[in-house]
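What follows is one structure encoded as structure tokens, with my remarks underneath.
Numbered from 1 within each chain, the chains take letters A, B, ... in sequence-line order. Heavy atoms only: backbone and side chains are in, while hydrogens, waters and symmetry mates are out.
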Amino acid sequence: MKIAIVHHPETTPKILAAQRMSEKDKLSSFTCMYGGTGKMHKDNPNRHTIDILQQMGEYYAQIGVPWKPQAYQKAIGTLKKLEVKIDCFEDAIRLPNIGTRIAKKIEEICTTGHLRTLDNALADPTHKTLQLFLRIYGVGLSQAHKWIQAGHKSLDDLLALPDLHKNQRIGIDHYDDFNTRIPRDEVTALGDIVKKVAADINLNVEAIIGGSYRRGADTSGDIDFIITKRNTRSSWDLLSFLETLVARLTCDGFLVAALTVPASSGSKWHGACALPGNPLWRRIDFLVVPETEFGAALLYFTGDDIFNRSIRLLASKKNMRLNQKGLYKDVLRTFGREKLSEGTLVEGGDERKIFDLLGVPWRPPHERICR
DNA sequence: TGGCAATACTG
DNA sequence: CAGTAT
DNA sequence: GCCA
């Protein structure tokens, strides 16, 4: 007897095509699929709107409101790509990542020149103090609030405290240093010193500068080093090298403070360095990675953070997981998306392959500026 | 209306 | 663990 | 705050 093959409605070619389209549409909403150059031309017609929304987002971040800052960042990302001025609710609301609330604010900004909610917020003297304290390395909302609650108003007030944590004291002592942008040329010069010493210790080691520097920025907030060594399969293989490197650079007077040191199985070192003859302390981070994780580490340390979050979210939607060590597949999660299994490693060594496996078009670092 | 990245180090 | 950092 |  012949068995009739009946297409289930959802498997007809037409429907399948439609489903593929909807898959594609879903993916197109991920920032990482398009990236951005971050080049905000001085003539961007929305620069004033962007500036105000930026402050509004920062304000929410500073008072610890969850998720809104990210929403503002995404909205700003949309405006930055435009070449036309958006000055009314109707035009704004059509744009991706701009909903009712932000569209209203855009209209207010364009008609009055400012945002009343923001003006009120920034007029609050307590908030000024909060902003001051939050820019201390090692100080977050929780600590800043406690200090404000206790009546402290200045960095000098804090320096008089007997129970400051080690890193907090460094953060305050070098408050201005750490909050001063580093010109690209200086990052290059600082990097050359590290590279020279690294090569002197072990020729199989490669040290590259990631972060905003790799994205082509002309100033950076800190220096992010990714260090790898040929034929290594675990970051443990690099810990002794890192120890030697840090010792040598400290001895040379280049490294001037250690803020965090890797655990026995760890991989990151945070601290400060200074160019000979330059009194400014600069934040510097080392991430040591085995060759097998180099691509994932590079992706992670190149950022920007919006790009990272976007591509990691995309991975998780595909039942995968992306972290600084690699891309994993078959990750099991609960209905609440809580992770149940690590998944199996698919790729870690090659940055391009990770893009490919995720279906994300490769883009050079300077096109990963999404904020 | 629920989800929004994922992980390392300090105290 | 909560907090801070990337 | 925005989006699926």
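Regarding L358(A), its CG atom lies at a distance of 15 Å from the P atom of dA5(B), rounded to whole Å. Atoms CG (L299(A)) and C1' (dA6(B)) sit 13 Å apart, rounded to a whole Å. dA5(B) atom C1' lies 15 Å from atom CD1 of I354(A), rounded to whole Å. If you take NZ of K268(A) and P of dT10(B), they are 11 Å apart, rounded to a whole angstrom. Rounded to whole angstrom, the span from the CG atom of L314(A) across to the C1' atom of dG3(B) amounts to 16 Å. Separating the OH atom of Y72(A) from the C1' atom of dC4(B) is a distance of 17 Å, rounded to the nearest angstrom. Atom CG of L287(A) is separated from atom P of dA8(B) by 10 Å (rounded to the nearest Å). Distance, K74(A) NZ to dG1(D) P: 16 Å, rounded to whole Å.
More than 12 heavy atoms of other residues, nucleotides or ligands lie within 6.0 Å of NZ in K229(A), so this atom counts as buried by the packing criterion. For R181(A), the CZ atom is densely surrounded, since the number of other residues' heavy atoms within 6.0 Å is greater than 12.
Considering only side-chain N and O atoms, R101(A) lies under 4.0 angstrom from the phosphate OP1 or OP2 of dG1(D). Put simply, K105(A) has a side-chain N or O that comes within less than 4.0 Å of OP1 or OP2 on dG1(D). Contact annotation: N323(A) reaches the phosphate of dT7(B) (side-chain N/O to OP1 or OP2, under 4.0 Å).
Backbone-only engagement by L141(A) is indicated by non-hydrogen atom pairs under 4.0 Å involving sugar-phosphate atoms exclusively. Looking at heavy-atom distances under 4.0 Å, Y300(A) makes contact with a base. If you check every strand for non-hydrogen atoms under 4.0 Å, S310(A) touches nothing. Backbone-only engagement by P96(A) is indicated by non-hydrogen atom pairs under 4.0 Å involving sugar-phosphate atoms exclusively. Residue-level contact check: V261(A) touches the backbone only, with heavy atoms under 4.0 Å from sugar-phosphate atoms and none from bases. At the heavy-atom level, P262(A) lies under 4.0 Å from the strands shown only through sugar-phosphate atoms. Heavy atoms of D285(A) sit under 4.0 angstrom from primed sugar atoms or phosphate atoms, though from no base atom. Using a 4.0 Å heavy-atom criterion, one finds that I98(A) contacts the sugar-phosphate atoms exclusively. Within the 4.0 angstrom heavy-atom criterion, only backbone atoms of the sugar-phosphate kind lie near I136(A); the bases stay farther away.
Note on E367(A) versus R215(A): no salt bridge recorded, every NZ/NE/NH1/NH2 to OD/OE distance being 4.0 Å or above. Salt-bridge check for R371(A) with D305(A): passed, with a basic side-chain N closer than 4.0 Å to an acidic carboxylate O. D200(A) has a carboxylate O that lies under 4.0 Å from a charged side-chain N of R248(A), or vice versa, which qualifies the two as a salt bridge. Using a 4.0 Å cut-off between a side-chain N of Lys or Arg and a carboxylate O of Asp or Glu, R230(A) and E206(A) do not qualify as a salt bridge.
Ring to ring, F133(A) and H152(A) are not that close: their centroids are 6.0 angstrom or more apart.
Out of dA4(D), dC4(B), dC9(B), the shortest distance to the side chain of L313(A) is found at dC4(B). Closest to the side chain of W67(A), out of dA4(D), dC4(B), dG11(B), is dC4(B).
For the P atom pair drawn from dA5(B) and dA4(D), the interatomic distance equals 15 Å after rounding to whole Å.
A cation-pi arrangement, defined by a distance under 6.0 Å to the six-membered ring centre and an angle within 45 degrees of its axis, is absent between R214(A) and F301(A). Judged by the 6.0 Å and 45° rule, R283(A) forms no cation-pi pair with W269(A).
Comparing R312(A) and G266(A), the nucleotide of DNA chain B nearest to each residue sits closer to the 5' end for R312(A).
Heavy-atom contacts of chain A under 4.0 Å fall on DNA chain C between two terminal nucleotides, which in 5' to 3' order are dG3(C) to dT6(C).
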